[in-house]
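Worksheet: the structure to be examined is printed underneath.
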Amino acid sequence: MDKTVKDPSHAHHVSPTHDHRCAGLVPLFSELPQNDQDFIDSQLHHRIFEKGDQVFMPGDELKLLIVARGSMKVYRMSRSGREQLLRVQKPGGYEGEAWLLGQPNDSFYGQALETTEVCLLSHSAFHKVLLEQPLLSVRLLELNAAKLVSLEQLNGFLGMDRVEERLATYLLDIAKASGSLRFSLPIRMKELAHLLGTTPETLSRKLKVLEDDGLIARRRREIQILNQDELEDI
């Protein structure tokens with residue numbers, strides 16, 4: 001797996017004229033009136049990242065990132081320097097709500113998996129929005145930044161009711177990020193169970209069901225997807 005960190009300055013800036021409405025995709029903004037969402041959209045910058053470009057990394061300027069098109073993998077690095085895939089953000093996916101609220105990013109990386117357009121709202125632009133949009137300030141008071149941080153790792157999965165759906169999505173995400181239907185799970189079973197909001201015992205049972213149904217083959221942490229279409233339909 002390519003772990004080369006590319007300079008985000010290589011990303012291409014996009015003209016302010018665009019068809020994407022990104023603000024409404026983020027729960028922090030989605031309950032605002034449309035005219036307020038339009039104002040937030042006017043403060044967003046659009047950038048295009050080519051495959052392999054680093055979209056964000058720890059220590060970057062705090063900002064909200066919304067995927068308008070393409071896809072972006074989000075990962076962290078283990079102490080041994082191994083990449084641990086957390087999720088793949090597709091159009092409508094976002095990262096950084098908690099960063100906008102002042103929580104630092106000290107462990108997460110984002111990398112484009114293909115040509116990807118991202119909507120960016122900087123911390124300074126966000127403060128401008130707060131000054132000019134009092135309703136948003138009220139909305140923010142209703143949210144707890146610490147809660148957002150605790151939920152951040154799970155936001156892509158806990159909206160799915162069934163554990164097997166979360167598991168199938170995660171396996172398909174790894175296959176997409178690695179470019180192969182045969183891969184090694186990047187995190188331990190206990191960590192994966194926590195990420196998917198379940199127990200290691202339940203996770204083992206669900207993996208066994210996928211094996212018995214002929215959707216995957218598994219040997220410890222080595223996985224091969226045998227039936228991608230059925231896995232996507234779970």
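Bear in mind that the values here come from a model prediction, so they are computed numbers and not experimental data. Heavy-atom basis, side chains included; hydrogens, waters and symmetry copies ignored.
For Thr199, the side chain to side chain contact (heavy atoms under 4.5 Å, CB included) test picks out Glu201, Thr202, with sequence neighbours left out.
Classification of Glu83 and Arg76 as a salt-bridged pair fails, no side-chain N sitting under 4.0 Å from a carboxylate O. By the 4.0 Å N-to-carboxylate-O rule, Arg47 lies too far from Asp53 to be salt-bridged with it. A salt bridge links Arg162 with Glu164; the closest basic N to acidic carboxylate O contact falls under 4.0 Å. Using a 4.0 Å cut-off between charged side-chain N and carboxylate O, Arg21 and Asp38 make a salt bridge. Salt-bridge check for Arg69 with Glu114: failed, with every basic side-chain N at 4.0 Å or more from each acidic carboxylate O.
Minimum heavy-atom separation, Cys22 to Ala68: SG-CB, 4.3 Å. Here the shortest heavy-atom pairing between Pro186 and Ile174 reads CD-CD1, 3.5 Å. Leu44 approaches Cys119 most closely through the heavy-atom pair CD1-CB, 4.1 Å. Considering every non-hydrogen atom in both Leu196 and Arg166, the closest pair reads O-NH1, 2.7 Å. The two atoms that bring Ala23 and Ile40 nearest to each other are CB-CG2, 3.8 Å, heavy atoms only. Scanning all heavy atoms of the two residues, the minimum distance from Phe183 to Leu171 falls at CZ-O, 3.6 Å.
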- [ ] Start with the C-alpha gap between His194 and Glu191, add the side-chain angles, then the distance that decides, and say whether side-chain contact (heavy atoms from CB on, under 4.5 Å) holds.
- [x] CA-CA 5 Å; His194 176 71; Glu191 294 173 319; 5.7 Å; no
TODO: Carefully, step by step, assess Gln228 and Leu181 under the rule side-chain contact (heavy atoms from CB on, under 4.5 Å).
DONE: CA-CA 8 Å; Gln228 185 175 353; Leu181 295 179; 3.7 Å; yes
TODO: Start with the C-alpha gap between Val74 and Gln89, add the side-chain angles, then the distance that decides, and say whether side-chain contact (heavy atoms from CB on, under 4.5 Å) holds.
DONE: CA-CA 7 Å; Val74 179; Gln89 293 290 18; 3.9 Å; yes
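Taken to the nearest 0.5 Å, the CZ atom of Arg182 stands 12.5 Å off from the CD1 atom of Ile216. Summarising the geometry, atom CG belonging to Leu215 is positioned 11.5 Å from atom CG belonging to Leu207; distances are rounded to the nearest 0.5 Å. Interatomic distance, Lys176 NZ to Ser71 OG, rounded to the nearest 0.5 Å: 4.0 Å. Remark: Tyr170 OH to Arg87 CZ distance equals 10.5 Å, nearest 0.5 Å. Taking NZ of Lys128 as the start and OG of Ser122 as the end, the distance is 10.0 Å to the nearest 0.5 Å. For the atom pair CG of Leu203 and CG of Leu192, the computed distance is 5.0 Å after rounding to the nearest 0.5 Å.
A donor-acceptor contact closer than 3.5 angstrom links the side chains of Glu50 and Thr115. With 3.5 Å as the limit, one finds a donor-acceptor pair spanning the side chains of His46 and Glu117. Side-chain contact check for Ser178 and Ser180: no donor-acceptor pair (N or O, by modelled atom type) lies under 3.5 Å. No side-chain donor-acceptor contact under 3.5 Å links Gln37 and Asp41.
Taken together through direct or relayed side-chain contacts under 4.5 Å among Ile, Leu, Val, Met, Phe, Trp and Tyr, Val209 and Val163 form parts of separate hydrophobic clusters. Cluster membership for Leu185 and Leu226, using ILVMFWY side-chain heavy atoms within less than 4.5 angstrom, is not shared.
At a threshold of 4.5 Å between non-hydrogen side-chain atoms, the residues Leu210 and Ile234 count as touching. Using a 4.5 Å heavy-atom cutoff, the side chains of Ile48 and Thr116 are not in contact. At a threshold of 4.5 Å between non-hydrogen side-chain atoms, the residues Asp60 and Asn105 do not count as touching. Considering only heavy atoms from C-beta on, Leu231 stays 4.5 Å or farther from Asn227 through its side chain. The side-chain heavy atoms of Tyr94 and Val67, taken from C-beta on, include no pair separated by under 4.5 Å. Put simply, the side chain of Met77 does not reach to within 4.5 Å of the side chain of Arg82, judged on heavy atoms. No side-chain heavy atom of Leu64 sits under 4.5 Å from any side-chain heavy atom of Trp99. The shortest side-chain heavy-atom distance between Val26 and Ile66 falls under the 4.5 Å cut-off.
Looking at Gln54, its side chain never comes within 3.5 Å of a backbone N or O of Gln111 through a donor-acceptor pair. Here the side chain of Glu95 pairs no donor or acceptor atom with the backbone of Leu65 at under 3.5 angstrom.
Classification of the Phe126-Phe29 ring pair by plane angle, with boundaries at 30° and 60°, yields tilted.
Applying the salt bridge (Lys or Arg N to Asp or Glu O under 4.0 Å) test to pairs two or more places apart or on separate chains, those with a residue in residues 209-234 are Lys208-Asp212.
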